[in-house]
Asks: 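Below is one structure. I have some questions about it.
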2 protein chains.
Amino acid sequence: MGSCIGATRYDGGVNGAKTSNASRREAPRGRIDKRQAILEAAFRTFAREGYGQSCVREIAAEAGVAKPTIYNHLGDKETLFREAMLAAVGRTSGAGLAALEQLREPDGDVRPMLEEAGHRVLKNHCDPESQALRWLLNAEAARFPDLLETIQREGAQRLHDALADRLARFALSGRLHTSDPDLAAEQFLALLTGPMELRTRLGTRKVSDAELRTVGRAAVDTFLRAYAPRAVDAP
Amino acid sequence: MGSCIGATRYDGGVNGAKTSNASRREAPRGRIDKRQAILEAAFRTFAREGYGQSCVREIAAEAGVAKPTIYNHLGDKETLFREAMLAAVGRTSGAGLAALEQLREPDGDVRPMLEEAGHRVLKNHCDPESQALRWLLNAEAARFPDLLETIQREGAQRLHDALADRLARFALSGRLHTSDPDLAAEQFLALLTGPMELRTRLGTRKVSDAELRTVGRAAVDTFLRAYAPRAVDAP
DNA sequence: AGAAAGTTGAACCGATGGGTTCATGTATTG
DNA sequence: CAATACATGAACCCATCGGTTCAACTTTCT
């Protein structure tokens, strides 16, 4: 089993403090390069053909790497898929959260802020990599339930929570009228992304930036008609 | 090619006017039965395991039929999938439209009508067969673009159109305030079904009727806050 | 330079699965 | 009853694919 020739299943964390230390150049340079290349190529291939249709040969070719190298770094096709997906969600979820960052402005009109944030959320939502990630996740949800859970938590759930936080602040400063920021966030996101399912034909059609802008504006419009603070009925 | 022994690729429409006529009992009785059984078993299997993972042997077993019988009725796995999906959307889309039927009442409070209709739409949306249909469609969208188009048109698009029609009538009778019933329909459906993606974990978790009721009520609430007719500013 | 680790390409194994063939069986029809 | 049409199950063919093995080669560390 634990022989020494080509059976050292690299695995392990990304932090490369191998045996020696001294020299500043990171120890597993060639290794980490290959691993990155493999994961990116894998995601590209999976995104193009789906999990079942992608064969490891092709992924190896796309990564410019030999097949045994893949099996050396990642044990089998399943973990290859898992790691590729996790890497992808790491790449993608950042952009979603960044889209909400500007909602931190302590003052200013709510409408233009929501419109800009909404547009950026939509843009990220329709980005090919993000779409591919959701597509793969949905397609293989049954086969990888744990992965589904993890990625949804790190993706959609984080977006939801961050938005709810922002809306709660708006409510507190009287710029929004709601007692349930979670519901408001859920509905704002629904108004944004819900219509895209049909409009993008489940992600198979790309949609113009203008259309994104239109949908975003309509969402904000309706959202504010429902959630803008109205005349207070307190005495 | 057109031999006679077991190579007669049945195919054809459902209307079974074969050679003979006279007798009232439909001619291809055994045949149509088998075909139905096959299509239903196929959809069940596909819904359980996905397209790639379902092998024809298993479908045959589930249908209580021999494998060559499947290839005799439907040419290959692809058309088997297509036909099974089309049959399923035929079964499902009816329920969705029926959910909107009660919005035809010419008078009565809009809110309870929308709540009831919304609940029924949601219920249908979360029905296992409907969910399986959307899941399979989404998963195999890249492989069957034409099927995607057809099913979306007969499913989601029809629901949207029907709802837009109902809302247009409401607007005309002054019970709703909008000049764009298509947008209103799009957003109402988004408010209904959008939140379910996260809540059902992409369809892998079943959600209680109470939760459905809650989401539906919230959707109607927000929708009406945005679309209820307000004080008219006409002279 | 020499050892150790890693990469490569090619061949190989075993399993799975789509699709076909065929001899046999059974129900319907004239 | 005989003919026709269809269903059956089992075997078969062939391609693909996940995963492994191995000998040769390159890189890195000491």
Side-chain angles (χ1 to χ4, degrees), chain A residues 1-12 16-35 37-38 42 45-46 49-61 63-81 143, chain B residues 1-12 16 18-38 42 45-46 49-61 63-81 143:
Chain A
M1 277 195 179
S3 181
C4 57
I5 292 201
T8 7
R9 184 67 51 77
Y10 186 54
D11 198 359
K18 233 195 101 185
T19 59
S20 193
N21 40 17
S23 65
R24 186 175 297 111
R25 49 154 48 127
E26 60 281 6
R29 210 206 53 178
R31 293 164 133 181
I32 199 82
D33 278 6
K34 298 280 181 190
R35 191 189 166 94
I38 290 171
T45 308
F46 286 140
E49 323 226 3
Y51 175 73
Q53 280 55 56
S54 303
C55 68
V56 181
R57 286 177 131 87
E58 191 182 356
I59 295 176
V65 142
K67 194 161 70 129
T69 305
I70 290 188
Y71 284 98
N72 196 25
H73 278 270
L74 305 122
D76 55 2
K77 197 186 177 186
E78 280 205 16
T79 48
L80 173 58
F81 182 68
R143 212 200 303 245
Chain B
M1 279 194 180
S3 180
C4 56
I5 292 201
T8 7
R9 185 67 52 76
Y10 186 54
D11 195 5
K18 229 194 105 189
T19 57
S20 193
N21 41 16
S23 64
R24 187 175 298 112
R25 51 155 44 130
E26 59 283 5
R29 210 206 50 176
R31 293 167 134 182
I32 202 83
D33 278 5
K34 297 281 180 189
R35 189 187 167 94
Q36 283 291 78
I38 289 173
T45 309
F46 286 140
E49 323 226 3
Y51 176 73
Q53 280 55 55
S54 305
C55 67
V56 180
R57 287 177 131 90
E58 192 182 357
I59 296 176
V65 142
K67 194 161 70 131
T69 305
I70 290 187
Y71 284 98
N72 195 24
H73 277 270
L74 305 122
D76 55 2
K77 199 186 177 188
E78 280 206 15
T79 50
L80 172 58
F81 183 68
R143 215 199 303 245

Asks: Under 3.5 Å, which protein N or O atoms sit close to an N or O of nucleotides 8-10 of chain C? Give each pair with its distance.
Replies:
| residue | atom | partner | partner atom | Å |
| --- | --- | --- | --- | --- |
| C/dT8 | OP1 | A/K34 | NZ | 3.1 |
| C/dT8 | OP2 | A/A66 | N | 3.1 |
| C/dT8 | OP2 | A/T69 | OG1 | 2.6 |

Asks: Taking side chain to side chain donor-acceptor pair (under 3.5 Å) as the definition, give me every residue that meets it alongside B/E58, ordered by chain and number, with sequence neighbours left out.
Replies: B/R48
Asks: With sequence neighbours left out, what residues match A/E78 under side chain to side chain donor-acceptor pair (under 3.5 Å)?
Replies: A/R82
Asks: What is the distance from OH of B/Y71 to P of C/dC22, rounded to the nearest Å?
Replies: 18 Å
Asks: Figure out the CG/P separation between B/D33 and D/dT8, and round it to whole Å.
Replies: 12 Å
Asks: For B/R57, which residues count as a salt bridge (charged side-chain N to carboxylate O under 4.0 Å, His left out) partner, sequence neighbours excluded?
Replies: none
Asks: Using whole Å, what does the distance between atom C1' of nucleotide C/dG18 and atom CG of B/L74 come to?
Replies: 15 Å
Asks: Taking only heavy atoms on the protein side, list every residue of residues 53-61 of chain B lying under 4.0 Å from any atom of DNA chain C, sorted numerically.
Replies: B/S54, B/C55, B/V56
Asks: Round to a whole Å and report the spacing from NE2 of B/H73 to C1' of D/dT8.
Replies: 12 Å
Asks: Mind telling me whether B/F81 and B/F46 have parallel, tilted or perpendicular rings, with 30° and 60° as the class edges?
Replies: perpendicular
Asks: Ignoring hydrogens and angles, tell me if any N or O in the side chain of B/K77 forms a donor-acceptor pair with the backbone of B/Y51 under 3.5 Å.
Replies: yes
Asks: Taking the side chain as C-beta and beyond, is there a heavy-atom pair between B/R35 and B/L74 under 4.5 Å?
Replies: yes
Asks: For B/A66, enumerate each residue passing the side-chain contact (heavy atoms from CB on, under 4.5 Å) test, keeping only those at least two apart in sequence or located in another chain.
Replies: B/P68, B/T69
Asks: To the nearest 0.5 Å, what is the distance between CD1 on A/I70 and CD1 on A/I59?
Replies: 6.0 Å
Asks: Whole-Å distance between C/dT7 P and A/I70 CD1?
Replies: 11 Å
Asks: Kindly say whether B/Q36 contributes a backbone atom to a donor-acceptor pair with the side chain of B/D33 at under 3.5 angstrom?
Replies: no
Asks: Can you tell me how far P of C/dG19 sits from CZ of B/F81, to the nearest Å?
Replies: 14 Å
Asks: What is the separation between atom CD1 on B/I38 and atom C1' on D/dT8, rounded to the nearest whole Å?
Replies: 13 Å
Asks: Go through D/dG18, D/dA7, C/dG19 for me and flag the one nearest to the B/K77 side chain.
Replies: C/dG19
Asks: What integer distance in Å separates B/F46:CZ from C/dG17:P?
Replies: 13 Å
